[in-house]
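Because only heavy atoms are used, hydrogens play no part in the values below, and waters and symmetry mates are left out as well, while side chains stay in. By convention here, the first residue in the shown sequence is residue 1.
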Amino acid sequence: MKLGGYANRIAWVDLTAGNVEFKPVPEDDARKYIGGRGLGVKFVFDNGPKVDALSPDNILCFMNGPLTGSEANLSGRMAVVTKSPLTGTVTDSHHGGWSAARLRWAGFDGLVFKGKAAKPTYAYIHDDKLELLDASEVWGKGVHDTIKHFQEKYGEKDLTVITIGTAGENLVKFACWINEDDRASGRGGTGCVGGSKNLKAIVVKAKKKIVKAADRDKWKAAHTKALAEIMDERVVTSPRKGGLSVYGTNVLMNMTNVIGGLPSKNSQFTAFEGAEKISGEYVNDNILVNNPTCHACPVACKKEVEIKDGPYKGLHMESLEYEPAWSLGANCGNDDVRVVAKMIDTCNDMGLDAIETGHPLSIYMEASQRGYTNGDGKLAWGDGAKMVEVTGKIARREGIGNVMADGANATAAHFGHPELAMTCKGQGIPAYDPRGIKGMGLGYATSNRGACHLRGYTPAAEVVGNVLGPSTVADPLAWKGKGEMNFIFQNVHAVTDCLDVCKFATFAESLDSFAAQYEAMTGVKSDAGHLLKVGERVYNLERHINNLNGFREGSDQLPKRFTTEASTMGGSKGHVCELDDMLVEYYDKRGWVNGVVPESKLKELEII
């Protein structure tokens with residue numbers, strides 16, 4: 001392949017046979033899907049979209065983009081792409097840190113695993129090589145101990161460890177991959193797929209080797225412009241000045257609470273009286289000890305904390321992100337930041353999606369509140385010690401934890417009340433209530449990987465824009481125009497996931513800036529329109545895969561709580577989410593027929 005930016009090398013690993021084949025990146029696919037999420041989704045489609053998620057025939061992809069390992073801002077992201085055991089959809093989940101850059105410096109654009117190893121196995125990548133080695137001595141260990149083991153074995157310098165924990169080994173359907181102790185590819189059960197393949201870890205040893213652009217003069221100009229946009233003191237990304245840099249993602253806790261967009265107690269309410277006690281501002285003032293960052297990122301949104309008193313005194317962890325802090329905080333009626341920190345650390349060590357874990361817990365709590373538990377004991381709102389205990393049972397599949405390990409829908413069905421599951425396509429919602437942030441409600445329903453805020457982050461306009469002042473501002477309580485907004489945001493985020501850069505770069509950098517960097521790096525002529533078309537192609541291919549798996553007419557739904565039970569609190573009082581009205585507008589923009597991609601659209605986008 002002649003394109004710049006790529007290593008032009010993907011490792012295709014047959015775990016059953018123990019073989020590794022190194023293949024170039026197909027140039028036609030690279031031009032159509034770029035890399036990261038897009039290329040991984042194309043591989044899932046080519047592999048056969050109807051495979052069972054936990055069969056050896058499913059593939060598990062770890063993918064970089066052409067900007068990975070370069071000087072590009074916020075380019076330390078890796079996409080983990082597979083078919084989800086939680087939702088049955090195609091899924092991709094990204095993590096930050098240094099693993100993506102090191103994989104690229106080691107000489108790879110991606111790793112694709114298929115089959116099932118006969119015994120616990122890890123992949124060791126170094127010096128353009130990939131070795132499959134015995135992981136029996138770390139099977140059964142948590143994430144933190146597994147990482148320590150490999151650091152002792154290979155040395156900490158220039159080393160990345162991506163691993164599953166006990167949850168992945170036990171096939172918890174929302175188990176995830178964790179990188180560098182606390183950076184998670186959290187959503188969709190990618191760690192469960194790893195466990196089903198007896199794949200414990202991926203260990204990468206690589207020295208820094210910044211990727212050079214095809215056109216260095218163009219790159220210098222494009223990167224200088226993009227960096228100026230990130231550093232602009234008027235935007236949330238501005239280092240040490242913007243809210244995202246100072247307080248991290250948890251700057252959103254108080255903001256969403258004020259406008260009645262913070263779901264609490266399993267979304268019975270749209271605000272939480274204890275929100276301030278678990279907010280980014282509270283963390284900054286009371287338990288913050290460091291501001292670590294990722295490859296090529298001046299924003300440093302990560303917040304490292306230390307608990308100073310109580311039963312978890314001395315706990316040192318990273319980081320209280322907004323969505324996990326919501327899921328294990330407001331969602332569970334918990335306003336103790338020490339418990340939130342302990343719960344997130346527990347999820348990270350066990351390899352659990354910290355957003356998803358809060359859903360079976362809050363369902364158990366509401367079932368207890370309403371007398372639905374039928375002999376399965378009780379879990380009270382905000383009972384921190386019991387939350388930690390039950391989370392361990394989920395990871396080990398013990399007792400009621402065995403039911404909860406299959407996800408929110410299974411938990412609610414077990415208690416005889418499926419309406420308690422706040423899910424879309426089987427995945428729990430993140431930290432934005434559709435009654436108070438209506439564009440996000442449409443985003444949950446139409447997300448191709450189940451309820452998700454990162455498919456099209458409309459709160460950038462509906463929440464952040466209103467408070468912190470970027471140019472895009474939208475009324476969170478208005479439903480009109482949200483179909484077009486989601487169409488645009490979803491396409492933008494799809495293509496940035498292909499590059500693969502952090503979503504926060506889109507808070508500052510223009511699409512023209514991304515296009516200029518992509519063109520300088522690869523040599524492919526590009527502009528904003530070109531990138532939007534790539535994003536649209538990726539989103540439609542994902543939707544086509546889901547259509548083939550039975551997600552057809554009427555599959556884009558929200559829990560009825562959001563469409564029929566009006567908010568009683570905050571700035572959203574009296575509101576429900578007008579999903580059906582927004583879907584009409586959205587499908588018109590997409591050119592879909594009630595959620596199904598017609599053949600004409602697939603041909604127009606050169607998918608078939």
- [ ] Given side-chain hydrogen bond (donor to acceptor under 3.5 Å, both in side chains), test D376 with H414 step by step and report yes or no.
- [x] CA-CA 10 Å; D376 284 312; H414 173 78; 2.7 Å; yes
TODO: List the steps and the verdict of salt bridge (Lys or Arg N to Asp or Glu O under 4.0 Å) for D353 and K173.
DONE: CA-CA 10 Å; D353 175 359; K173 289 189 176 178; over 6 Å; no
TODO: Show your reasoning for whether side-chain hydrogen bond (donor to acceptor under 3.5 Å, both in side chains) applies to S567 and T270.
DONE: CA-CA 6 Å; S567 167; T270 59; 2.7 Å; yes
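Here CE of M78 is found 4.5 Å from CG of L103. Values are rounded to the nearest 0.5 Å. Between the CD1 atom in I178 and the CG atom in L352 there is a gap of 8.5 Å [rounded to 0.5 Å]. Rounding to the nearest 0.5 Å gives a distance of 8.0 Å between CG of D497 and CZ of R77. Note that the CD1 atom of I164 and the OG atom of S185 stand 13.0 Å from one another [nearest 0.5 Å]. Rounded to the nearest 0.5 angstrom, Y322 OH and I278 CD1 are separated by 9.0 Å. Rounded to the nearest 0.5 Å, atoms CD (E180) and CZ (R102) are 6.0 Å apart.
Residues F150 and Y124 place their aromatic rings such that the two centres sit no closer than 6.0 Å.
The aromatic rings of F415 and Y364 lie parallel to each other, their planes meeting at an angle below 30°, with 60° marking the opposite boundary. Between Y457 and F507, the ring planes lie parallel to each other; the angle is under 30°, not in the 30° to 60° tilted range.
We find that E462 and K438 are not joined by a salt bridge, their nearest charged nitrogen and carboxylate oxygen being 4.0 Å or further apart. A salt bridge links E389 to K393: one of the charged nitrogens lies within less than 4.0 Å of a carboxylate oxygen. With salt bridges taken as basic N to acidic carboxylate O contacts below 4.0 Å, none links E419 and R561. Between K303 and D182 no salt bridge is recorded (no basic side-chain N to carboxylate O distance below 4.0 Å). Comment: D309 engages R338 in a salt bridge, judged by a side-chain N to carboxylate O separation of less than 4.0 angstrom. Salt bridge annotation for E233-K241: present, with a cationic side-chain nitrogen under 4.0 angstrom from a carboxylate oxygen.
Counting only heavy atoms from C-beta outward, the side chains of L111 and I125 approach each other to under 4.5 Å. Using a 4.5 Å heavy-atom cutoff, the side chains of D158 and K208 are not in contact. Looking only at side-chain heavy atoms (C-beta outward), I363 and Y372 stay at 4.5 Å or farther from each other. Using a 4.5 Å heavy-atom threshold, the side chains of N348 and D181 count as separate.
Between the side chain of R455 and the backbone N or O of G443 there is no donor-acceptor pair closer than 3.5 Å. Of the possible donor and acceptor atoms, one in the side chain of E169 sits under 3.5 Å from a partner among the backbone N and O of G140. Judged by distance alone, with hydrogens and angles left aside, the side-chain atoms of E318 form no donor-acceptor pair with the main-chain N or O of K302 at under 3.5 Å. Listed for the S238 side chain is no donor-acceptor partner under 3.5 Å among the backbone atoms of V235. Judged by distance alone, with hydrogens and angles left aside, the side-chain atoms of H359 form a donor-acceptor pair with the main-chain N or O of I429 at under 3.5 Å. Put simply, the side chain of S572 never gets that close to the backbone of H575: no donor and acceptor are under 3.5 Å apart. W326 places no side-chain N or O within 3.5 Å of a backbone atom of I355 that could act as its donor or acceptor partner.
No more than 12 heavy atoms of other residues, nucleotides or ligands shown are found within 6.0 angstrom of NZ on K277. By the 6.0 Å contact criterion, NZ on K148 is open, its count of non-hydrogen atoms from other residues, nucleotides or ligands being 12 or less.
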